[in-house]
A.B. asks: 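Below is a structure I'd like to ask you about.
Fair warning: this is a prediction, and the values are worked out from it, not measured in the lab.
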Amino acid sequence: LVGRPNWFLGLLPVGEKNIRVVDSALWIMPERYSQNVKENYRFVIRLDNSEWGMACDSVAQSFSISPEEVRWRTNRGKRPWLAGTVIDHMCALMDVAAVAHLLDEAEKTSKRITEHPCRLYGA
């Protein structure tokens, strides 16, 4: 869409709402982004009750974890959305509220067209 940042993929109608879809690979790790990643996106994971969704290529499984299984981050400066790492599953644990907040703030600011949201807020 015109006037949107490069990590914004479009709108997904869900019921009476439109979910704003983010290129998750570009948004989370822009320094490692490859343009062909976008071709494999098949799913959108909605971020809690927000109007945001992250595009992804697959959904492997859903599982519950206990707080003891997480190596929690104490400093979220560089990646405020990264709450910790689940070592047994080799995956990152996202703070969904922080992601939605960063996306909301990026959309509100005029810098959103050229800047990555994590860079806008001192990350």
A.B. asks: May I ask you to decide if L102's main-chain N or O and E105's side chain share a donor-acceptor pair within less than 3.5 Å?
C.D. replies: no

A.B. asks: Hey, does the side chain of R20 reach the backbone of L103 with a donor-acceptor pair shorter than 3.5 angstrom?
C.D. replies: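 No, R20 side chain to L103 backbone: no donor-acceptor pair under 3.5 Å.
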
A.B. asks: Does any N or O in the side chain of W72 come within less than 3.5 Å of the main-chain N or O of P67, such that one atom is a donor and the other an acceptor?
C.D. replies: yes

A.B. asks: So which atom in C56 and which in I45 form the shortest heavy-atom distance, rounded to 0.1 Å?
C.D. replies: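 So the minimum-distance heavy-atom pair works out to SG-CD1, 3.9 Å.
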
A.B. asks: If you compare all heavy atoms of D23 against all heavy atoms of Y33, which two are closest, and at what distance to 0.1 Å?
C.D. replies: OD2-OH, 2.6 Å

A.B. asks: In this structure, would M94 and F43 fall into the same cluster of hydrophobic residues linked by side-chain contacts under 4.5 Å?
C.D. replies: no

A.B. asks: Between atom NE2 of H89 and atom CD of E69, what is the distance when rounded to the nearest 0.5 Å?
C.D. replies: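 Rounded to the nearest 0.5 Å, the NE2-CD separation comes out at 5.5 Å.
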
A.B. asks: Considering residues, nucleotides and ligands other than Q61, do more than 12 of their heavy atoms fall under 6.0 Å from its CD?
C.D. replies: yes

A.B. asks: Should E51 and R46 count as an ion pair when the cut-off is N to O under 4.0 Å?
C.D. replies: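 No, this pair does not count.
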
A.B. asks: Answer yes or no: is there a side-chain heavy-atom contact under 4.5 Å between C91 and T85?
C.D. replies: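 A side-chain contact is absent here, since even the closest heavy-atom pair is not under 4.5 Å.
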
A.B. asks: Distance from N18 atom CG to L11 atom CG, nearest 0.5 Å?
C.D. replies: 5.0 Å

A.B. asks: Taking side chain to side chain contact (heavy atoms under 4.5 Å, CB included) as the criterion, tell me which of V96, I28, V44, V21 meets it with M54.
C.D. replies: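 Single side chain to side chain contact (heavy atoms under 4.5 Å, CB included) partner of M54 among V96, I28, V44, V21: I28.
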
A.B. asks: Report the distance from atom CG of L93 to atom CG of L82, rounding to the nearest 0.5 Å.
C.D. replies: 8.0 Å

A.B. asks: In terms of hydrophobic clustering (I, L, V, M, F, W, Y; side-chain heavy atoms under 4.5 Å; direct or indirect links), are V86 and M90 co-clustered?
C.D. replies: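 V86 and M90: separate clusters.
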
A.B. asks: Specify whether W7 and W52 have parallel, tilted or perpendicular ring planes, treating 30° as the upper limit for parallel and 60° as the lower limit for perpendicular.
C.D. replies: tilted

A.B. asks: Tell me, with the steps shown, if L26 and N6 meet side chain to side chain contact (heavy atoms under 4.5 Å, CB included).
C.D. replies: CA-CA 8 Å; L26 181 58; N6 59 351; 3.7 Å; yes

A.B. asks: Looking at every heavy atom in both L47 and A100, which two are closest together, and how far apart are they?
C.D. replies: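 Distance-wise, the nearest heavy atoms are CD1-N, 4.3 Å.
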
A.B. asks: So if you build clusters from Ile, Leu, Val, Met, Phe, Trp, Tyr with side-chain heavy-atom gaps below 4.5 Å, do I87 and F63 land together?
C.D. replies: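 Per the 4.5 Å side-chain linkage, I87 and F63 are not co-clustered.
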
A.B. asks: For A55, does its backbone N or O pair with a side-chain atom of S24 as donor and acceptor, under 3.5 Å?
C.D. replies: yes

A.B. asks: Using 0.5 Å steps for rounding, measure from the CG atom of D95 to the NE2 atom of H101.
C.D. replies: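 So the CG of D95 and the NE2 of H101 are separated by 10.5 Å.
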
A.B. asks: On a heavy-atom basis, which atom in G84 and which in V70 lie closest, and how many Å separate them?
C.D. replies: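 In terms of heavy atoms, the two residues are closest at CA-CG1, 4.1 Å.
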
A.B. asks: Does D48 reach the main-chain N or O of S50 with its side chain, forming a donor-acceptor pair under 3.5 Å?
C.D. replies: no

A.B. asks: Give the intermediate values and the outcome of side chain to side chain contact (heavy atoms under 4.5 Å, CB included) for residues L9 and K38.
C.D. replies: CA-CA 9 Å; L9 291 176; K38 194 183 304 186; 3.8 Å; yes

A.B. asks: Got a donor-acceptor contact below 3.5 angstrom from the R79 side chain to the W81 backbone?
C.D. replies: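 Absent.
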
